[in-house]
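See below for the structure under consideration.
Everything numeric in this text was worked out from a predicted model, so none of it was measured.
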Amino acid sequence: MNKSLTNIAISLGVVLGFFALVMFVLGAGEAQEGALFNFSVDQATVGLRFLFVVIGLLIAFAVYYVTKENSAWEVGTRQVVWMAIGAALYAVFSWLFNGTVFVVPSVSQVAIRPAVAIPMFFGYAFGPVVGFFTGAVGNMFGDALTGFGLSPQWSIGNGLIGFIAGCWMLFKDRKQSMNTVLYVSGGLVVLTALLYFLNRNQPNMLFFDPDNNIFGDAAISIFAGLSIVVGFILILAVRFGFASNENVATAVMWGMLGNILGLGFAAISDIWINGYTLAVAVVGEFLPAAGPNLIFAAILVPLLVGAYASVQRQSGR
């Protein structure tokens, strides 16, 4: 077994072991009132949720395996340090915004989350493995700190956001890769927006009221349904507005693809876990979560990339 394979296997194995511990040991008990963390997981569906954790990790490993000669898969002390920093930052900032500022009308608990820029940036700057760990572990701790309990398949979806954001490193021609990302993302945006218009009045896509812990009777809003289109337009503006700055353009484009595919994975998994239809999963969960994320990606990721470039220049690296 070569060093690269060993390091990737260990990294993904640590994530798998951590999720198993949280889901089957820490998540099996009742949440203690006043406890700092709530790791509770719905035990009726815990096996199915863990299956999607495994599927998400296998997707990451499959991408590694077909590109294993690429230097993007280096995992050393530096990457481990960035994993810890990224996960900690994402956990704290996710907790600050999870249901405490703005809640988006949706089937499940979806909040405006500017913190999503963190796994996007860490994936772009430090590689797909760092991005995956930052998104997956950081999201899990952020949800646990919030106190609502865990949806591990959504944490893995957040891990895929960071993972895919770092996959730009696998391509020799950066500009061509961005064009491919543009076409794929654009097609998915149009498809999901169309699905919204065809299903916007479906009665079981309802707003969750966190104050009263009940589902209300508000339909999915036009903002939630079309925010992915708004976000896509903003991403395009950044992509072409920073055409001379390939670092910013690459970060926002690959962060966009990561957001769409990562949250798409999480929402689609709820077809089996929660018994949703495809329309409910996409319109009731995916769009309210993915759309606002794209808006923050267009605004915050360029700021993080610019700040990081400034630090690199000052440090001479």
Side-chain angles (χ1 to χ4, degrees), residues 42 45 48-49 52 55-56 94 97-99 101-114 116 135 139 143 148-149 151-158 160-161 164 183-236 255-298:
D42 178 16
T45 58
L48 198 52
R49 292 174 190 269
F52 278 97
I55 291 173
S94 293
F97 287 92
N98 272 353
V101 182
F102 297 107
V103 178
V104 182
S106 63
V107 170
S108 54
Q109 183 68 30
V110 175
I112 296 285
R113 299 183 72 187
V116 74
N139 186 79
D143 285 352
F148 292 141
S151 296
Q153 73 278 14
W154 281 85
S155 292
I156 290 296
N158 276 261
L160 290 172
I161 292 176
I164 295 169
Y183 302 143
V184 172
S185 299
L188 292 172
V189 166
V190 170
L191 183 63
T192 52
L194 179 61
L195 200 58
Y196 164 71
F197 281 111
L198 294 175
N199 295 276
R200 60 177 301 191
N201 295 319
Q202 191 163 319
N204 60 338
M205 291 186 289
L206 304 173
F207 172 67
F208 181 74
D209 181 356
D211 294 330
N212 299 309
N213 199 35
I214 59 172
F215 285 94
D217 59 1
I220 298 298
S221 68
I222 191 75
F223 166 77
L226 293 183
S227 58
I228 195 167
V229 177
V230 175
F232 181 71
I233 293 171
L234 289 175
I235 292 287
L236 286 183
M256 172 177 66
L257 183 63
N259 176 65
I260 292 173
L261 295 182
L263 294 190
F265 168 86
I268 294 301
S269 71
D270 278 342
I271 292 175
W272 291 273
I273 293 172
N274 291 323
Y276 294 159
T277 64
L278 176 63
V280 170
V282 173
V283 179
E285 285 194 314
F286 171 76
L287 288 176
N293 281 0
L294 284 189
I295 296 173
F296 288 118

- Task: Give a yes or no answer on whether the side chain of Thr45 reaches the backbone of Leu48 with a donor-acceptor pair at less than 3.5 Å.
- Result: no

- Query: When rounded to the nearest 0.5 angstrom, what is the spacing between CG in Leu257 and CG in Leu160?
  - Reply: 11.0 Å

- Message: Can you tell me how the ring of Phe52 sits relative to the ring of Phe265, calling it parallel under 30°, perpendicular over 60° and tilted otherwise?
- Response: perpendicular

- Message: For Tyr196 and Val282: C-alpha separation, side-chain torsions, deciding distance, then whether side-chain contact (heavy atoms from CB on, under 4.5 Å) applies.
- Response: CA-CA 8 Å; Tyr196 164 71; Val282 173; over 6 Å; no

- Task: Would you mind reporting whether Leu278 and Ile268 have side-chain heavy atoms less than 4.5 Å apart?
- Result: yes

- Report the distance from atom OG of Ser151 to atom CG of Asn274, rounding to the nearest 0.5 Å. 7.5 Å

- Item | Option among Asn293, Ile161, Ile235 that satisfies the side chain to side chain contact (heavy atoms under 4.5 Å, CB included) test with Met256 | Ile235

Residues 227-234, side-chain donor-acceptor partners within the protein, below 3.5 Å, at least two apart:
{"unit_1": "Ser227", "atom_1": "OG", "unit_2": "Phe223", "atom_2": "O", "d": "3.3"}
{"unit_1": "Ser227", "atom_1": "OG", "unit_2": "Ala224", "atom_2": "O", "d": "3.1"}

- Query: With no hydrogens and no angle check, is any side-chain donor or acceptor of Asn199 less than 3.5 Å from a backbone partner on Leu195?
  - Reply: yes

- How far does CG of Asp42 sit from CD1 of Ile273, to the nearest 0.5 angstrom? 9.5 Å

- Message: Would you say that Leu263 contacts Asn158 through its side chain, given a criterion of any heavy-atom pair below 4.5 Å between the two side chains?
- Response: yes

- Any idea which heavy atoms bring Ile156 and Gly56 closest together, and the distance? CG2-CA, 3.7 Å

- Item | Close side-chain approach of Leu261 and Leu188, heavy atoms under 4.5 Å | yes

- Note on the structure: Tightest non-hydrogen contact, residues Ala290 and Asn259, listed as O-ND2, 3.0 Å

- Query: Which distance, rounded to the nearest 0.5 Å, do you find between the CZ of Phe197 and the OG1 of Thr192?
  - Reply: 11.0 Å

